[in-house]
Number of protein chains: 2
Amino acid sequence: MLHPYSKHDQHYVALDVIIFGFDREKLRLLLIERDFHPEKGKWSLMGGFLGKDENPDQAAARVLEELTGLTGIYLEQLAVYGDVNRDTAGRVISITYYALINSENFNNSYHSEYKGTWFVINQVPELIFDHNIMVDKALRRLRRRCRTQPVGLELLPEKFTLPQLLRLYEAIYQQEFDKRNFRKKILSFGVLKKLEEKDKEGSRKGAFLYQFEKEKYAEMIEKGVQFEI
Amino acid sequence: MLHPYSKHDQHYVALDVIIFGFDREKLRLLLIERDFHPEKGKWSLMGGFLGKDENPDQAAARVLEELTGLTGIYLEQLAVYGDVNRDTAGRVISITYYALINSENFNNSYHSEYKGTWFVINQVPELIFDHNIMVDKALRRLRRRCRTQPVGLELLPEKFTLPQLLRLYEAIYQQEFDKRNFRKKILSFGVLKKLEEKDKEGSRKGAFLYQFEKEKYAEMIEKGVQFEI
DNA sequence: GCAAAAGTGTTGAACTTACACCCATGT
DNA sequence: ACATGGGTGTAAGTTCAACACTTTTGC
């Protein structure tokens, strides 16, 4: 018996991952130089093809690991790009994901067959195909997520200071915030635990370290609280 | 020469459309009884397969038209569902869209080869595969959209009254709003034009009709205004 | 002792929420 | 004349935005 779907077309399905990182100063994007034709040598997002035995989420995690060696990273599906001629080499449907990694976890000692380069978010070069559009959309989504979920914390080390967190938000939104109002707001959510330790890297005085309290956050989500910044 | 992508797998790509409608009273969802195996006879979203010469957006519009006969409808891409075993008949990657149609435009005189049935949004039956999950996600997205964009207007006739609009928002959010505060908020955006006519359907007194002013809305978006309800 | 970043409170403005009565009309 | 849904304003509470000085420490 003929398979019920066999009269339909099949397509290549790709994953492209928009990888954001933060280095205590600037929000950055990890790009690679494409190593195969077409468009070989041009800047590109890290991508790969969906295999027949993997879910898109798994495939995106695989692609991310191939470039960075990192696992267990925050990944969120963004959108599908499927214009007939978006890829000059053939019909490819691309599912995009964005990833948030903190730069302390990403050390350049990991040698993948690809070499990634970090670009400051407002100095992203011209990318192949529709990848610039994907990056713009990812940034808008990241900003939205940060308004309602403590997703920014993915970009910081486990222990961080409030000035660091402030700089992260300023990097994401590309605008300055009043530090007093910011502290009030962030601490009012009650999901950050102040530690006794100080971080002395950034100043002579040193800034207290904080930690994200996952359990309290889970409770609040349970109750339906919103985290508007 | 071998095609650069030829070593990768290909997949069936489907579109599933979550069709919302409003009939001046309740928010409804348009479903069909699946007419082919597997799962023949069960309730399902309207769907179809992506052809090799069409964009996903076009394909979603085609699928919607096949069921309703309507064109030029608001359609927004939602997400991709691609778990290996989500479709019991084979590997299918499904791109979901949601559509907003107003019930006056949809008259049942259109006879497609499919027959759609409207379900009140909180009485949706069990659907095939992961379609219930898709519907939940669509509803959450619709609620979010309505907060920041006058998308609810897609669900109403061109001329509508404020009590109608209020009932629409109450149907979408499944909660009651204070009519005085609602009017203030909605009118404060300055994108509704009050007409001289009244609609006498809903009451003896009659309610003034309003119209959405697309140009003013475009101006405000230009300036970056948000439409928080 | 001074430079550099961390930390801390208050006030006015804007917005949100709660709430109750009169109006116009068809029957 | 009455029943039905349409239309309107205000006051209290809450949240947001603006703003400047003191503290700690390494050099």
Side-chain angles (χ1 to χ4, degrees), chain A residues 22-26 143 146-148 156-157 159-171 173-190 192-211 220 223-229, chain B residues 22-26 143 146-148 156-157 159-171 173 175-211 220 223-229:
Chain A
F22 184 66
D23 59 358
R24 301 185 177 229
E25 191 194 353
K26 291 189 162 162
R143 285 174 181 157
C146 283
R147 248 170 226 295
T148 53
L156 289 172
K159 297 174 180 179
F160 54 88
T161 69
L162 291 185
Q164 275 170 30
L165 185 61
L166 173 61
R167 278 192 290 277
L168 170 61
Y169 273 82
E170 290 180 335
Y173 290 106
Q174 304 269 48
Q175 65 175 271
E176 296 197 352
F177 297 104
D178 179 279
K179 65 178 172 175
R180 283 165 291 192
N181 294 339
F182 181 80
R183 278 171 165 267
K184 252 178 288 178
K185 193 63 156 288
I186 289 284
L187 293 175
S188 75
F189 299 148
L192 294 186
K193 186 167 74 195
K194 186 178 182 176
L195 306 176
E196 289 310 305
E197 312 162 62
K198 277 189 166 186
D199 174 292
K200 296 267 198 167
E201 299 267 312
S203 70
R204 308 190 198 286
K205 183 178 177 180
F208 280 103
L209 287 164
Y210 286 77
Q211 227 173 354
M220 306 205 78
K223 291 188 219 145
V225 183
Q226 286 278 20
F227 293 80
E228 285 278 344
I229 301 295
Chain B
F22 184 68
D23 59 358
R24 299 184 178 230
E25 191 194 353
K26 291 189 162 161
R143 286 176 179 155
C146 283
R147 248 169 226 296
T148 53
L156 290 172
K159 298 173 180 180
F160 53 88
T161 68
L162 291 186
Q164 276 170 29
L165 186 60
L166 173 61
R167 278 193 290 276
L168 170 61
Y169 273 83
E170 291 180 335
Y173 289 106
Q175 65 175 273
E176 297 198 351
F177 297 104
D178 180 278
K179 64 177 172 176
R180 283 165 290 193
N181 295 338
F182 180 79
R183 280 172 163 266
K184 251 179 289 176
K185 192 63 157 284
I186 288 284
L187 293 175
S188 75
F189 299 147
V191 296
L192 294 186
K193 185 166 75 195
K194 186 177 183 176
L195 306 176
E196 289 310 304
E197 312 163 62
K198 278 190 166 185
D199 174 292
K200 296 268 198 169
E201 299 267 313
S203 71
R204 306 190 199 285
K205 183 178 177 180
F208 280 103
L209 287 163
Y210 286 77
Q211 227 173 356
M220 306 205 77
K223 291 187 219 144
V225 184
Q226 286 279 21
F227 293 81
E228 285 280 345
I229 300 295

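Proteins get letters first, then strands, A, B, ... in listed order; numbering begins at 1 in each. Below, all heavy atoms of this structure are taken into account, side chains as well, without hydrogens, waters or symmetry copies.
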- Atom-to-atom span, CG of B:L165 to P of D:dG7 - whole angstrom: 12 Å
- side chain to side chain contact (heavy atoms under 4.5 Å, CB included) involving B:K193 - partner list, sequence neighbours excluded: B:L195, B:Q211, B:E213
- To the nearest angstrom, how far is B:L166 atom CG from D:dG7 atom P? 11 Å
- Range on DNA chain C touched by chain A - first to last nucleotide, heavy-atom distance under 4.0 Å: C:dA3 to C:dT10
- Message: Can you measure B:F208 atom CZ to D:dT8 atom P for me and round it to whole angstrom units?
- Response: 8 Å
Please list, pair by pair, any protein nitrogen or oxygen found under 3.5 Å from a nitrogen or oxygen in nucleotides 16-22 of chain D.
residue : atom : partner : partner atom : Å
D:dA18  : N7   : A:N181  : ND2          : 3.0
D:dA18  : N6   : A:N181  : OD1          : 3.0
D:dA18  : N6   : A:K184  : NZ           : 3.4
D:dC19  : N4   : A:D178  : OD1          : 3.3
D:dC19  : N4   : A:R180  : NE           : 3.3
D:dA20  : N1   : A:R180  : NH1          : 3.2

- Note on the structure: Sequence neighbours excluded, the answer for side chain to side chain contact (heavy atoms under 4.5 Å, CB included) partners of A:D23 is A:E25, A:K26, A:R28, A:S103
- Query: Excluding sequence neighbours, so at least two apart, what forms side chain to side chain contact (heavy atoms under 4.5 Å, CB included) with A:K194?
  - Reply: A:F208, A:Y210
- Message: I want to confirm an ordering. Mapping B:K200 and A:K194 to their closest nucleotides on DNA chain C, which one lands closer to the 5' end?
- Response: A:K194
- Task: Apply side-chain hydrogen bond (donor to acceptor under 3.5 Å, both in side chains) to A:K205 and list each qualifying residue two or more places apart in sequence or on a separate chain.
- Result: none
- Item | Closest-nucleotide 5' rank along DNA chain D - winner of B:A207 and B:R204 | B:R204
- For A:R143, enumerate each residue passing the side chain to side chain contact (heavy atoms under 4.5 Å, CB included) test, keeping only those at least two apart in sequence or located in another chain. A:L139, A:I172, A:Y173, A:Q174
- State the OG1-CZ distance between B:T161 and B:R24, to the nearest 0.5 angstrom. 7.5 Å
- Message: With salt bridge (Lys or Arg N to Asp or Glu O under 4.0 Å) as the rule and sequence neighbours excluded, what pairs involving residues 161-170 of chain A come up?
- Response: none
- List for me each residue that meets salt bridge (charged side-chain N to carboxylate O under 4.0 Å, His left out) alongside A:R180, sequence neighbours excluded, and say none if there are none. A:D178
